[in-house]
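The structure presented is a predicted model; accordingly, all values stated were derived computationally and were not measured.
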Amino acid sequence: MLMRNHSGSGLPAIGDALAGHLGLFGPLSPAERTGLLALTGSTVRLSANEEITQLGSHASSIVVVLDGVLQRFNDDARGNRQICGLYLRGDAPGLETLQMPIADQGLSALVPSIVGLIPQRKMLDLLAQFPSLQGLMWRETLVQASMLRIWLLRNSIKNAAGQLAHLFCELLIRAKAAGIAQGNSCPLPLSQRHLAEVTGMSVVHVNRTLMVLRADNLIEFSNGVLTIHRWDELAEIGEFTPGYLHLGEQAAELAPARPTPVLQSRIEDSFEFIPSRAPTASEEPDAFRRKAADFKQMLKTWSFVSSGIMRGEADDLFEKLTRLANDLHELAGDAPERKATVETLTSLFHRVQLVPDRSKSQA
C-alpha cells in the first residue's frame, strides 16, 4: 500500500485525493489511477457544523475531504449527539451511498473544512469502465464497518482514560497513513465537547481525563494539535492495536503490533515506596502517616477494581481520593520527606486512573 504525502500548503486535486485514499486499500493499475485523477467535481468550503448530507436525504455526490475534519453523527430527540465517525484529510466518507443513496446518518464539517464533491454519475461511469475499482471501494467500506465495531467496543467497556487513549492512537495512525502527521504529532482541531460526543462521556469527565493524561506527560493536546509523547504507555492504556484499520504492511511502520506492557509494573513498583503503615496505638498519632496509608490502600483497591465498578461509585472514590490528597498537601508543610511522599502519591493517583481492566476483552 502507498502512503499519501501532501506536504505542500496547497490542496490536492479531488481525483488525486480519491486515488490516494483508495490506494490505501489495494494497488491501482496505471489506467485506474489515470481514470481517478481525471475525475472532476466542485470544491466547497464549509463552516463548522455545516451539513453536507442530512439524515434521510438522497446523496448525489461522493465526498472527499481536502482539508479539515468531517463528522458522521446521529442526534436523539433531545438534541444529544453521538459522533459515529471522524474523517481526516484525504478520507472519502459515504462511498456506500453509491449503493444506498438514502442517508441513515448526518454528515457535516466538525470544524471549518474543504471538501470535493464528485457527482455520483461520474463515479458510476468510471466503475463501469474499471470494474476492479469496485473491489477497492467494497474493501474501504468494510474497513469503515470494522472501525465502527471497535468504536462500539471502546465506548462500551473501556474506562475513560482507555477511551481517549485508544481514540488518540487511532487518529495518529490514520494521520500518518494519510501523510498529514509529523513524527508523533498530527492536526486534531477537536474541542472537549467533540471528544465527549465521540466517546459518550460528559464534557467534565473528558476534561478530568485529559488532565490525567497530560499530568503523566503521555500527550499534549492544544491549539488543534495532538502530540503523543509516550506511545507504548498510551497504547497500553487504550489496549490499542491497529489491526482493525487493515493497513497491511504499513501497520508495522506506523505503530508497534502490540503495546509493550509497562504501566502496570511501574505502578506496582511505585507502591513499594509509599508509607503503608498507620501508627499503632503505642505510637504518637501522626495524621500524615495515617492519611498516607489510607490513600495507598484506597489506590491499591482502585487499581484492581476501578474499571468494574459503577460510574457513581468511581466518582465517589475519586472525590474521596481528591480530598485525601488535599489534606496530605496541607499536612506535609515544608518537610522535604513528606513533600516527596505527596508527590509520589499524586503521580500514582494519576497512573492508577490509566490502567485498563485486564479482565475484559482487548481491542
Trainee: For Leu36 and His21: C-alpha separation, side-chain torsions, deciding distance, then whether side chain to side chain contact (heavy atoms under 4.5 Å, CB included) applies.
Mentor: CA-CA 11 Å; Leu36 287 167; His21 180 64; over 6 Å; no

Trainee: Determine, using the 4.5 Å side-chain heavy-atom cutoff (strictly less than), whether Leu22 and Ile14 are members of one ILVMFWY cluster.
Mentor: yes

Trainee: With a 4.0 Å cut-off on N to O distance, would you call Arg323 and Asp327 a salt bridge?
Mentor: no

Trainee: Specify the closest pair of heavy atoms between Val64 and Ala17, including all atoms of both residues, with the distance to one decimal.
Mentor: CG1-CB, 3.6 Å

Trainee: Can you sort out the partners of Glu220 under side chain to side chain contact (heavy atoms under 4.5 Å, CB included), two or more places apart, ordered by chain and number?
Mentor: Ser222, Thr227, His229

Trainee: Filter on side-chain hydrogen bond (donor to acceptor under 3.5 Å, both in side chains), then keep only pairs touching residues 36-45, sequence neighbours left out; what's left?
Mentor: Thr40-Lys122

Trainee: Looking at side-chain heavy atoms only, is the closest gap between Leu24 and Asp91 below 4.5 Å?
Mentor: no

Trainee: Would you say that Phe240 contacts Trp231 through its side chain, given a criterion of any heavy-atom pair below 4.5 Å between the two side chains?
Mentor: yes

Trainee: Do Ser113 and Asp67 have side-chain heavy atoms sitting under 4.5 Å apart?
Mentor: no

Trainee: Can you hop from Leu18 to Met137 via hydrophobic side chains spaced under 4.5 Å?
Mentor: yes

Trainee: Is the number of heavy atoms from other residues, nucleotides or ligands within 6.0 Å of CG (Asn223) greater than 12?
Mentor: no

Trainee: Report yes or no: do Val63 and Leu86 belong to one cluster of Ile/Leu/Val/Met/Phe/Trp/Tyr joined by side chain heavy-atom distances under 4.5 Å?
Mentor: no

Trainee: Within the 4.5 Å heavy-atom criterion, are Phe168 and Leu195 side-chain neighbours or not?
Mentor: yes

Trainee: So, taking the atom named CG in Leu172 and the one named CD1 in Ile228, what distance separates them when rounded to the nearest 0.5 Å?
Mentor: 4.5 Å

Trainee: Of the non-hydrogen atoms in Tyr244 and Glu170, which two are nearest, and what is the gap between them?
Mentor: OH-OE1, 2.7 Å

Trainee: Could you state whether Val198 and Met147 fall into the same hydrophobic cluster, counting links through intermediate Ile, Leu, Val, Met, Phe, Trp or Tyr residues with side-chain heavy atoms under 4.5 angstrom apart?
Mentor: yes

Trainee: Can a donor-acceptor pair be found, under 3.5 Å and without considering hydrogens, that links the side chain of Glu50 to the backbone of Ser47?
Mentor: yes

Trainee: As an exercise, state the distance from CG of Leu133 to CE of Met123, rounded to the nearest 0.5 Å.
Mentor: 6.0 Å

Trainee: Any side-chain to backbone donor/acceptor pair from Arg230 onto Asp216? Under 3.5 Å, distance only.
Mentor: yes

Trainee: Could you tell me whether the side chain of Pro187 reaches within less than 4.5 Å of the side chain of Arg89, counting heavy atoms only?
Mentor: no

Trainee: How far does CG of Leu136 sit from CZ of Arg139, to the nearest 0.5 angstrom?
Mentor: 8.5 Å

Trainee: How long is the gap from CD on Gln163 to CZ on Arg154, to the nearest 0.5 Å?
Mentor: 6.5 Å

Trainee: With sequence neighbours excluded, tell me which residues meet ring-ring contact (aromatic ring centres under 6.0 Å, His included) with Phe73.
Mentor: none

Trainee: Give me the atom names and distance for the closest heavy-atom approach of Gln54 to Ser57.
Mentor: O-OG, 2.6 Å

Trainee: Heavy atoms, side chains only, cut-off 4.5 Å: are Val65 and Leu88 in contact?
Mentor: no

Trainee: Carefully, step by step, assess Leu142 and Phe25 under the rule side chain to side chain contact (heavy atoms under 4.5 Å, CB included).
Mentor: CA-CA 10 Å; Leu142 289 175; Phe25 303 98; over 6 Å; no

Trainee: Verify side chain to side chain contact (heavy atoms under 4.5 Å, CB included) between Leu46 and Val115, making sure each step is shown before the conclusion.
Mentor: CA-CA 8 Å; Leu46 302 168; Val115 299; 3.9 Å; yes

Trainee: Which atom names give the shortest non-hydrogen contact between Ser61 and Leu117, and what distance separates them?
Mentor: CB-CB, 4.0 Å

Trainee: Stepwise, does the side chain to side chain contact (heavy atoms under 4.5 Å, CB included) test hold for Ser29 with Glu32?
Mentor: CA-CA 5 Å; Ser29 71; Glu32 290 169 341; 3.1 Å; yes

Trainee: Taking only residues two or more places apart in sequence, or in another chain, which ones meet Tyr87 in a ring-ring contact (aromatic ring centres under 6.0 Å, His included)?
Mentor: none

Trainee: Does Arg81 pair with Asp76 as a salt bridge, N-O distance under 4.0 Å?
Mentor: no

Trainee: Could you measure the distance from the CZ atom of Arg33 to the CG atom of Leu28? Nearest 0.5 Å is fine.
Mentor: 5.0 Å

Trainee: Is a side-chain N or O of Gln82 found less than 3.5 angstrom from the main chain of Glu197, in a donor-acceptor match?
Mentor: yes

Trainee: Would you list the pairs meeting side-chain hydrogen bond (donor to acceptor under 3.5 Å, both in side chains) in which at least one residue belongs to residues 328-339, sequence neighbours left out?
Mentor: Asp286-Arg338

Trainee: Under a 3.5 Å cutoff, is there a donor and acceptor pairing between the side chains of Ser202 and His205?
Mentor: no

Trainee: Does anything in residues 96-108 form a side-chain hydrogen bond (donor to acceptor under 3.5 Å, both in side chains)? List the pairs, not counting sequence neighbours.
Mentor: Gln71-Ser108, Arg72-Glu96, Asn74-Gln105, Thr97-Gln120

Trainee: Is there a side-chain contact between Ile219 and Leu234 in this structure, where contact means two heavy atoms from C-beta onward sitting under 4.5 Å apart?
Mentor: yes

Trainee: For residues Val203 and Gln192, report the shortest heavy-atom separation together with the two atoms involved.
Mentor: O-OE1, 4.0 Å

Trainee: In the structure I gave you, are the side-chain heavy atoms of Leu107 and Pro93 within less than 4.5 Å of one another anywhere?
Mentor: yes

Trainee: Are Leu110 and Leu171 joined in one hydrophobic group, where the rule is that I, L, V, M, F, W and Y side chains link up if heavy atoms are under 4.5 Å apart?
Mentor: yes

Trainee: Determine whether Thr141 and Gln144 satisfy the following criterion, side chain to side chain donor-acceptor pair (under 3.5 Å), listing intermediate values before the conclusion.
Mentor: CA-CA 5 Å; Thr141 59; Gln144 293 295 327; over 6 Å; no

Trainee: Got a second to check how far Leu55's CG is from Asp75's CG, nearest 0.5 Å?
Mentor: 9.0 Å

Trainee: Have Gln182 and Ser185 got a donor and an acceptor in their side chains that come within less than 3.5 Å?
Mentor: no

Trainee: Which heavy atom in Gly41 sits nearest to a heavy atom in Pro119, and how many Å separate them?
Mentor: CA-CD, 4.3 Å

